[in-house]
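From a predicted model like this one, the values you see are computed outputs, not experimental measurements.
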Amino acid sequence: RNVGFGQLVAPILVGDPPKSVLAVDAAREELISLEVATGKLQWRQPVPGLTASPVVHKTTAWVPTREGKLFSVDVATGAIQGGFSFPQPL
């Protein structure tokens, strides 16, 4: 199955030079990281309510949810580092 294509969220290249690509699997509400050279899955992180594109800054992906949460995710490991809650959807 294709992930990242046919989605409302475009895949994001990570690294300089790019070594991985972040993609959103909206059907499973997951953020996934794939190796650029092979397409091999590096990690997968469930993020309930994930519907929008993450924003990557250095080693962190900021991931918004429709429930008004903003998670910070380590792009190397997929671990959730923390986050914020807002009173409205993002």
Side-chain angles (χ1 to χ4, degrees):
R1 93 187 168 98
N2 292 330
V3 175
F5 298 98
Q7 305 279 337
L8 297 176
V9 179
I12 300 169
L13 291 171
V14 178
D16 186 21
K19 294 184 180 175
S20 62
V21 62
L22 292 182
V24 171
D25 184 343
R28 293 186 179 170
E29 295 186 334
E30 293 179 329
L31 182 64
I32 62 173
S33 177
L34 305 168
E35 195 174 279
V36 168
T38 65
K40 180 181 174 184
L41 179 69
Q42 294 178 309
W43 53 260
R44 144 185 334 262
Q45 178 60 257
V47 181
L50 174 62
T51 58
S53 181
V55 173
V56 176
H57 178 68
K58 298 183 181 180
T59 61
T60 302
W62 291 94
V63 185
T65 71
R66 66 179 160 264
E67 287 83 16
K69 295 183 178 172
L70 182 64
F71 292 102
S72 62
V73 177
D74 183 294
V75 296
T77 66
I80 292 180
Q81 300 171 318
F84 302 96
S85 291
F86 296 89
Q88 72 277 345
L90 298 176

For G49 against E67, the heavy-atom pair lying closest together:
CA-OE1, 3.1 Å

Shared hydrophobic cluster for V36 and I32 (ILVMFWY, side-chain gaps under 4.5 Å):
yes

Are the side chains of P54 and L31 in contact, using a 4.5 Å heavy-atom criterion?
yes

For V73 and W43, which heavy atoms make the closest approach, and how far apart are they?
CG1-CH2, 4.1 Å

T38: side-chain hydrogen bond (donor to acceptor under 3.5 Å, both in side chains) partners, not counting sequence neighbours
E35

Results of side-chain hydrogen bond (donor to acceptor under 3.5 Å, both in side chains) for Q42 - residues two or more places apart only
S33

Return a table of donor-acceptor pairs under 3.5 angstrom between the side chains of residues 11-22 and protein atoms on other chains or two or more places apart.
none

Looking at every non-hydrogen atom in both residues, tell me the closest pair between L50 and R66 and how far apart they are.
O-NH1, 4.3 Å

Checking side chain to side chain contact (heavy atoms under 4.5 Å, CB included) for the pair L34/L41: CA distance, chi angles, key distance, verdict?
CA-CA 5 Å; L34 305 168; L41 179 69; 4.0 Å; yes

F86, W62: one ILVMFWY side-chain cluster at the under-4.5 Å cut-off?
yes

Please give me the minimum heavy-atom distance between E29 and P48, naming the atom from each residue.
OE1-CA, 3.6 Å

